[in-house]
Amino acid sequence: AAVSKAFMPARVAAQKDFIADVVNALVAQLRERKSCEFMRDFAWTLPMRVVTRLLGVPAEDADRIKHWSDVWVEPLAYGLSEERELYVAQEEIALQKYLVAHMETKLATPGEDILTELANAKMADGSPMPLAEKVGLAEHLIVGGHETATSALGSGMMILAQRPDIAAALRADPSRVERFVEEVLRLESPSAGFFRVAVQDAELEGVHIPAGSMVHLRFAAANRDASVFARPAALDLDRPNPRAHLAFSYGVHTCLGAPYARLELQVAFRALVQALDDIALDPSEPPPSHIPGLSLRTLKALQITYSAH
């Protein structure tokens, strides 16, 4: 509720031209070459430009915020050394101090942005929202707005590089990009799963789950459930239930930024398939691999070749 205004349909729609301008500028840079490392040259830049704009912080801070976001998700790999855990904690504190400083500035010079809304946020009883809550929300919005969109952009481009028939279909009929985006989200589920605590005894497929035990809900597995999706491992642009996936979770846990993610992905892939042809994985590079982790699914790098229209 504290930041809901920023995610109202009218506010989302108002960002479309800005997103298109960023996409077109990035695509223009790609067209000057015949290959690129897509994650570095496109996939992280677009979401981060959108995040900095929505937060109301300087665009030139994108590199720092990208670093903090990447470090913030490292513990989700569940394999850090103590030394690395200490480094992550120090960097997270640096991010928190950055956010607090900007929220204090917003109190004096408000803008139409998320940090202004958080700086003035109230609890249900009218009391000021605790600072820890404000900072925590801002951190989650940064990570949620960047990491997952970056992952989906990379995954979608990897699919196009491996499936020239899909790229040709989107080029011939750009209206099918929306369905392509939903299939990318379903098949590659940027948020693969998260931990929950069972509130009561339960049994699932013959496995007893005691109350109080921790479980890991696998959205990625649900998104390939054959009882919901026919041919679940296939990318199907004519699927009758394209939005039945759980890539954005469900119910009270539904991703607040889903409208922005969809907008970014749709604008990006429409522009990319129209501007680039013969998209392929670079044969001189190792096959793409993912950053190790249990909850997120992000490519380490994606080296591609192409010809520009």
Open item on the list: Can a donor-acceptor pair be found, under 3.5 Å and without considering hydrogens, that links the side chain of Lys106 to the backbone of Ile114?
Closed with: no
Open item on the list: Pairing donors with acceptors under 3.5 angstrom, does anything connect the side chains of Asp278 and Ser307?
Closed with: yes
TODO: Working to the nearest 0.5 Å, report the span between OG of Ser69 and CH2 of Trp44.
DONE: 10.5 Å
Open item on the list: For the residue pair Ser189 / Asn223, report whether a side-chain donor-acceptor contact shorter than 3.5 Å exists.
Closed with: yes
Task: Side chains of Leu160 and Leu170 in contact at under 4.5 Å (non-hydrogen atoms) - done: yes
- [ ] Would you name the heavy atoms of Leu185 and Pro190 that are closest together and state the gap between them?
- [x] O-CD, 4.1 Å
Task: Atom pair OG1/NZ of Thr52 and Lys66 - distance to nearest 0.5 Å - done: 13.5 Å
Task: Rounded distance (nearest 0.5 Å) linking atom CD of Glu104 with atom NE2 of His102 - done: 11.0 Å
Task: Side-chain donor/acceptor of Arg224 to backbone N/O of Leu187, under 3.5 Å - done: yes
Open item on the list: Please check if the number of heavy atoms outside Phe18 that lie under 6.0 Å from its CZ is greater than 12.
Closed with: yes
Open item on the list: Within the 4.5 Å heavy-atom criterion, are Glu112 and Arg11 side-chain neighbours or not?
Closed with: yes
TODO: Indicate yes or no for a side-chain donor-acceptor contact from Arg297 to the backbone of Ser155 under 3.5 Å, with no hydrogens or angles considered.
DONE: no
Task: Phe38 and Phe42 aromatic ring geometry - parallel, tilted or perpendicular at 30°/60° bounds - done: parallel
TODO: Tell me yes or no: between the side chains of Arg53 and Gln15, is some donor less than 3.5 Å from an acceptor?
DONE: yes
TODO: Can you label the angle between the Trp72 ring and the His140 ring as parallel, tilted or perpendicular, going by 30° and 60°?
DONE: perpendicular
Task: Leu99 vs Ile142 side-chain heavy atoms within contact, under 4.5 Å - done: yes
TODO: Look up atom CG in Leu237 and atom CD in Glu182, then write down how far apart they are to the nearest 0.5 Å.
DONE: 11.5 Å
Open item on the list: Looking at His208, is its backbone amide N or carbonyl O close enough to the side chain of Glu203 to form a donor-acceptor pair, meaning the two atoms are under 3.5 Å apart?
Closed with: no
Open item on the list: For the backbone of Arg231 and the side chain of Asp236, can you confirm whether one donor and one acceptor N or O come within less than 3.5 Å of each other?
Closed with: no
TODO: For the pair Thr150 (side chain) and His146 (backbone), establish whether a donor and an acceptor sit closer than 3.5 Å, ignoring hydrogens and angles.
DONE: yes
Task: Closest heavy-atom pair and its distance - Met129, Glu133 - done: CG-CB, 3.6 Å
Open item on the list: We want to know whether Glu147 and Thr298 form a side-chain donor-acceptor pair, criterion being a heavy-atom distance below 3.5 angstrom.
Closed with: no
Open item on the list: Measuring from atom CG of Leu296 to atom OG1 of Thr148, what distance do you get when rounded to the nearest 0.5 angstrom?
Closed with: 8.0 Å
TODO: Quick one: pull up OH in Tyr306 and CG in Asp282 and give me the separation to the nearest 0.5 Å.
DONE: 11.0 Å
